[in-house]
Amino acid sequence: MNKRGFVSRILQNFRKPEGFFGRMILWGMNTGHASLAQWGMSCLQWQPEWSVLDIGCGGGANLLQILQRCPQGKAYGIDISPESVTFARKKNKKYLGTRCFIEQGGVHRLPYPDYAFDAVTAFETVYFWGNLQHAFTEVARVLKPGGSFLICCEISDPANKAWTGLVEGMEIHSCDELKAILSKSGFTDTAIFRTKKEELCLVSHRQTVRL
């Protein structure tokens, strides 16, 4: 394998971590995305008893933050990568099976009943969700009426091709695109937060009427 092919293979772990390099990427995500996650979480009015689902939970650092913000609640994590699930479980082993529950799966078919969660979070992951309307509708299904959906992205300019050409299946969505698809998928009252860079956070709420 040539150098370019080797680097490309490593970069695919941003989409679905696997093996040694996947674990290194997960460790890097837990540390490198900490400030982004803290900012994104500050955009939501947390409640101590909430039950929260983090989709694309990666290395599990955000689950630990959710548990701290919801001391009487529970945190659920799901990720398509078995490596991520194992890593996140180790990160949250203190609460695993009592207040924290992590399993493998994808956003297009969430293994949870209707109206199961007070909030759903998605940090640095909607890039890889493909059919966003289908995914967002599934998120709406598992949220309680009025429940919150937090989307946080480091990159929000579709013209930024620095990463999309390197990581297979990665697509950057603009704020307007995300807001429009949320509106079509059972969400309303979307609040938008930005930093001086491309960082974007949207907090939307599931319609109070049943879908």
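Applying the side chain to side chain donor-acceptor pair (under 3.5 Å) test to Lys184 and every residue at least two apart in sequence or in another chain returns nothing. Scanning for side chain to side chain donor-acceptor pair (under 3.5 Å) contacts around Asp118 gives Lys144, with sequence neighbours left out. Residues passing the salt bridge (Lys or Arg N to Asp or Glu O under 4.0 Å) test with Glu83, sequence neighbours excluded: Arg23. Evaluation of the ring pair (Phe, Tyr, Trp, His ring centres under 6.0 Å) rule for Phe87 yields no partner, not counting sequence neighbours. Considering only residues two or more places apart in sequence or on other chains, Thr86 meets the side-chain contact (heavy atoms from CB on, under 4.5 Å) condition with Lys90. Scanning for side chain to side chain donor-acceptor pair (under 3.5 Å) contacts around Ser183 gives an empty result, with sequence neighbours left out. Applying the ring pair (Phe, Tyr, Trp, His ring centres under 6.0 Å) test to Phe193 and every residue at least two apart in sequence or in another chain returns nothing. Scanning for side-chain contact (heavy atoms from CB on, under 4.5 Å) contacts around Ser42 gives Trp39, with sequence neighbours left out.
Residue pairs meeting the salt bridge (Lys or Arg N to Asp or Glu O under 4.0 Å) criterion with at least one partner in residues 95-116, sequence neighbours excluded, are Asp114-Arg141.
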Indicate every side-chain donor-acceptor pair of residues 57-75 with a distance under 3.5 Å to a residue at least two apart or in another chain.
from: Gln65; atom 1: OE1; to: Gln38; atom 2: NE2; distance (Å): 3.1
from: Arg69; atom 1: NH2; to: Gln38; atom 2: OE1; distance (Å): 3.3

Please output the side-chain donor-acceptor pairs of residues 173-182 that fall under 3.5 Å, not counting sequence neighbours, one pair per line with the distance.
from: His173; atom 1: ND1; to: Glu177; atom 2: OE1; distance (Å): 3.3
from: His173; atom 1: ND1; to: Glu177; atom 2: OE2; distance (Å): 3.2
from: Ser174; atom 1: OG; to: Glu177; atom 2: N; distance (Å): 3.1

Under 3.5 Å, which donor-acceptor pairs link side chains of residues 120-133 to any protein atom two or more places apart or in another chain?
from: Thr121; atom 1: OG1; to: Asp54; atom 2: OD1; distance (Å): 2.7
from: Glu124; atom 1: OE2; to: Tyr127; atom 2: OH; distance (Å): 2.5
from: Glu124; atom 1: OE2; to: Glu154; atom 2: N; distance (Å): 2.5
from: Thr125; atom 1: OG1; to: Trp129; atom 2: NE1; distance (Å): 3.2
from: Tyr127; atom 1: OH; to: Glu154; atom 2: N; distance (Å): 3.0
from: Tyr127; atom 1: OH; to: Ile155; atom 2: N; distance (Å): 3.1
from: Trp129; atom 1: NE1; to: Thr125; atom 2: O; distance (Å): 3.3
from: Asn131; atom 1: OD1; to: Gln133; atom 2: N; distance (Å): 3.3
from: Asn131; atom 1: OD1; to: His134; atom 2: N; distance (Å): 3.1

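Annotation for Cys43 and Val203: closest pair O-CG2, 3.8 Å, computed over non-hydrogen atoms.
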